[in-house]
Amino acid sequence: MSDKSQPFDLDIFLRNLPALPGVYRMFDSDNNVLYVGKAVNLKRRVSSYFQKNDLSPRIRLMLKQVHHIETTITRSEAEALILENNFIKALAPKYNILFRDDKSYPYLMLSGHEFPQMAYYRGALKKPNQYFGPYPNGYAVRDSIQILQRVFKLRTCEDSVFEHRDRACLLYQIKRCSGPCVGHISAEDYRANVAEAATFLNGKTDELIQILHHKMNQAAAALQFEEAARFRDQIQALGLMQSQQFIDSKNPNNPNDIDLLALAVADGLVCVHWVSIRGGRHVGDKSFFPDVKDDPEPNGQDYAEAFVAQHYLGKTKPDVIISNFSIPEAIQTALNSEHGKQIQFVHKTIGERKVWLKMAEQNARVAIEQRHQQQSSQQHRINELARILNMDSDSLNRLECFDISHTQGEATIASCVVYDEQNIQPSQYRRYNITTAKAGDDYAAMREVLRRRYGKMQEAEANGETVKWPDVVLIDGGKGQIGVAVDVWEELGLHIPLVGIAKGPERKAGLEELILPFSGETFRLPPHSPALHLLQTVRDESHRFAITGHRKKRDKSRVTSSLNDIEGIGPKRKKALFTRFGGLRGLMAASKEDLAQVEGISTALAEKIYDYLH
């Protein structure tokens with residue numbers, strides 16, 4: 001590893017690099033990581049950057065900024081690949097290929113309870129629960145849950161509700177649950193339903209249908225015609241789903257978990273379209289777009305390889321990966337070592353699988369067309385807003401919008417939402433609990449949030465930290481709120497353009513008034529104005545984000561204050577109640593006997609709590 005305490009000499013560094021596998025990291029003069037790469041031979045790979053003349057424009061631009069390089073030696077190329085992937089995710093280097101949607105993918109979970117709960121799940125997989133997936137998105141999980149509710153009638157309620165029901169809920173009434181909470185089904189029969197659901201999710205649908213046929217015939221022979229009709233309905237529902245959603249259904253010997261990856265490159269954009277087949281069933285698909293703004297001539301194969309590494313290393317893997325691009329042997333080795341068994345990597349295929357791969361390719365091309373149209377539309381909106389604000393459109397990229405939400409002064413919340421890179425950026429949203437302003441004083445609340453956000457940004461910048469300032473700040477409110485913002489700007493010495501957006505006298509969408517305090521202008525834009533549509537989108541998102549935060553804070557405050565009104569309930573007993581029942585819903589569902597079982601809660605106090613809440 002290079003020694004940063006000494007002046008960096010590139011020639012000496014390259015001469016002393018070992019001919020071993022490892023990972024290298026390139027830094028700029030501010031010690032920011034520019035690029036992370038892996039190599040079978042560090043000496044040959046790193047030296048090649050400074051010897052070749054046919055480098056891509058992205059790499060040439062990056063090399064101009066390199067100040068020093070660090071290396072880490074590994075035992076193999078596969079180990080280097082895993083370490084490289086970990087560095088990329090942790091450091092997010094500017095010039096690496098990044099697929100930003102790297103959240104944990106959702107699973108369908110069957111819990112390990114006596115009466116297992118069927119639920120949507122994200123996070124680390126834990127025993128004794130059963131997990132099925134991963135799914136491309138939450139919609140695919142919820143679709144599967146609806147199917148299982150109709151066919152197998154498994155419970156979806158939380159434990160705090162399940163344990164305190166005294167009568168069956170609406171889902172039982174509409175035949176979406178078998179009512180295990182109140183004993184409408186035995187534990188043995190419920191476990192049988194869970195086992196059948198797991199069989200379905202594992203792709204053994206033909207086997208399950210045979211079992212159901214046998215049960216139907218048995219019930220009919222015993223003259224239990226209602227039971228036989230229930231099995232018949234299950235068979236029909238499963239047959240319909242199989243015909244609509246299953247791949248490779250003609251060959252039951254094929255592995256059930258398959259991923260299809262289709263790469264497309266067009267119009268300067270790169271897309272990898274992922275199709276997920278779980279348990280033999282098509283559960284969904286998703287298009288991924290890496291950031292290519294620093295790469296005017298993107299190489300699709302490089303981006304495809306980066307996607308496979310980032311998408312699969314350290315995560316659940318399928319039995320088969322079918323792609324329209326080749327996957328390097330080093331990546332295959334690393335994935336197999338983590339999977340514990342050989343994954344089938346298929347680059348050329350025939351028959352039914354080829355049809356599915358062609359469909360994935362078509363989806364990738366369509367996604368690029370849609371992204372290109374969306375970017376053109378967003379750029380048009382930005383250009384129009386820049387024209388109205390007398391700004392250069394190239395200097396208008398990032399908008400931040402603020403809104404205040406409360407109910408008659410209760411639980412005041414300020415929101416800040418961010419629009420950047422031609423899209424809203426939820427990961428950069430922030431909520432602020434207003435602490436200094438009096439209840440209902442929107443002006444003071446706006447003053448507090450603006451001081452806190454931009455005062456801290458000034459402090460961070462003074463300490464040498466990199467700060468991303470907005471190009472325009474949008475204030476949801478009239479002249480009073482925008483006047484407060486102007487005062488804060490003078491106080492902090494800021495020169496960022498301010499825009500106020502007021503609902504106008506009629507308070508109707510499309511009739512908003514724009515306030516530009518530094519030019520003294522107040523005007524309306526035409527309802528069809530692209531600039532107005534952009535401002536409305538950001539303003540509405542800020543309003544939504546503020547309201548949801550306020551409601552959560554208000555509800556929590558009301559629950560807490562309700563318990564505070566009960567004599568004998570202090571912080572310790574309140575915490576014990578919330579821990580035991582998980583919140584107000586669990587408390588409301590609890591009986592007097594359940595309340596009395598909580599540590600520190602006597603029978604008399606349990607009755608008092610029960611009577612107060614009911």
Side-chain angles (χ1 to χ4, degrees), residues 78-79 81-86 88-90 98-112 116-145 147-148 194 197-205 245-248 254-262 272-288 304-323 327-328 330-346 353 356 360:
E79 186 177 304
L81 175 68
I82 295 172
L83 181 60
E84 175 201 34
N85 186 60
N86 291 337
I88 290 172
K89 290 182 178 179
L98 297 175
F99 287 84
R100 298 188 181 278
D101 193 348
D102 191 35
K103 300 172 185 176
S104 61
Y105 292 104
Y107 287 80
L108 189 153
M109 179 190 73
L110 296 176
S111 68
Q117 175 199 15
M118 177 173 60
Y120 172 101
Y121 181 82
R122 284 184 190 267
L125 309 187
K126 303 173 184 178
K127 294 182 179 180
N129 303 332
Q130 297 182 72
Y131 299 93
F132 303 89
Y135 289 76
N137 51 59
Y139 297 109
V141 180
R142 293 183 178 96
D143 179 59
S144 294
I145 288 176
I147 291 171
L148 295 176
V194 171
T199 300
F200 168 75
L201 289 167
N202 283 320
K204 301 175 181 177
T205 311
Q245 296 184 305
F246 278 69
I247 185 173
D248 284 348
N254 280 332
N256 291 312
D257 288 357
I258 304 171
D259 277 4
L260 297 149
L261 304 177
V272 176
H273 189 76
W274 167 43
V275 179
S276 177
I277 312 298
R278 291 297 178 268
R281 188 167 63 94
H282 176 210
V283 297
D285 51 274
K286 188 173 186 177
S287 294
F288 294 83
E305 292 176 13
F307 174 82
V308 173
Q310 295 178 33
H311 187 77
Y312 291 111
L313 285 172
K315 299 175 182 175
T316 304
K317 301 163 188 62
D319 302 310
V320 180
I321 297 177
I322 303 172
S323 62
I327 298 176
I331 296 179
Q332 294 186 24
T333 302
L335 297 183
N336 283 328
S337 65
E338 286 188 348
H339 193 48
K341 59 181 179 180
Q342 290 294 314
I343 300 170
Q344 291 183 31
F345 295 94
V346 181
R353 290 181 173 185
W356 278 81

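What you see is a predicted model, and the numbers here were worked out from it, not measured in a lab. As a basis for the values below, the full set of heavy atoms in this structure was taken, side chains included, without hydrogen atoms, waters or symmetry mates.
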Check whether any side-chain heavy atom of [X] sits under 4.5 Å from a side-chain heavy atom of [Y], and report yes or no.
{"X": "M118", "Y": "V194", "result": "no"}
{"X": "H311", "Y": "V272", "result": "no"}
{"X": "I258", "Y": "P318", "result": "no"}
{"X": "D259", "Y": "Y312", "result": "yes"}

Point-to-point distance, once rounded to the nearest 0.5 Å, from [atom1] of [X] to [atom2] of [Y]:
{"X": "L313", "Y": "L83", "atom1": "CG", "atom2": "CG", "result": "11.0 Å"}
{"X": "D285", "Y": "I277", "atom1": "CG", "atom2": "CD1", "result": "9.0 Å"}
{"X": "R122", "Y": "M109", "atom1": "CZ", "atom2": "CE", "result": "14.0 Å"}
{"X": "I343", "Y": "L335", "atom1": "CD1", "atom2": "CG", "result": "5.0 Å"}

Requested in this report: Take H339 and D319, measure what side chain to side chain contact (heavy atoms under 4.5 Å, CB included) needs, and give me the verdict at the end.
Outcome: CA-CA 9 Å; H339 193 48; D319 302 310; 4.0 Å; yes
**Report entry** Candidates Y121, Y131, Y135 - the one meeting side-chain contact (heavy atoms from CB on, under 4.5 Å) with L108
**Finding:**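 With L108 as partner, side-chain contact (heavy atoms from CB on, under 4.5 Å) holds for just one option, Y135.
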Could you report the tightest heavy-atom contact between [X] and [Y], atom names first, then the distance?
{"X": "G314", "Y": "E338", "value": "N-OE1, 2.7 Å"}
{"X": "S111", "Y": "Q117", "value": "OG-N, 2.7 Å"}
{"X": "A119", "Y": "I145", "value": "C-CD1, 4.0 Å"}
{"X": "A330", "Y": "L81", "value": "O-CD2, 3.8 Å"}
{"X": "G112", "Y": "P128", "value": "CA-CG, 4.0 Å"}

**Report entry** Any donor-acceptor pair under 3.5 Å from Q332 side chain to I327 backbone
**Finding:**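 Present.
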Requested in this report: Answer yes when K317 and D257 have at least one side-chain N-carboxylate O distance shorter than 4.0 Å, and no when they do not.
Outcome: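 D257 and K317: not salt-bridged.
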Query - Pair Y107-T316, side chain to side chain donor-acceptor pair (under 3.5 Å): steps then yes or no - result: CA-CA 10 Å; Y107 287 80; T316 304; 2.5 Å; yes
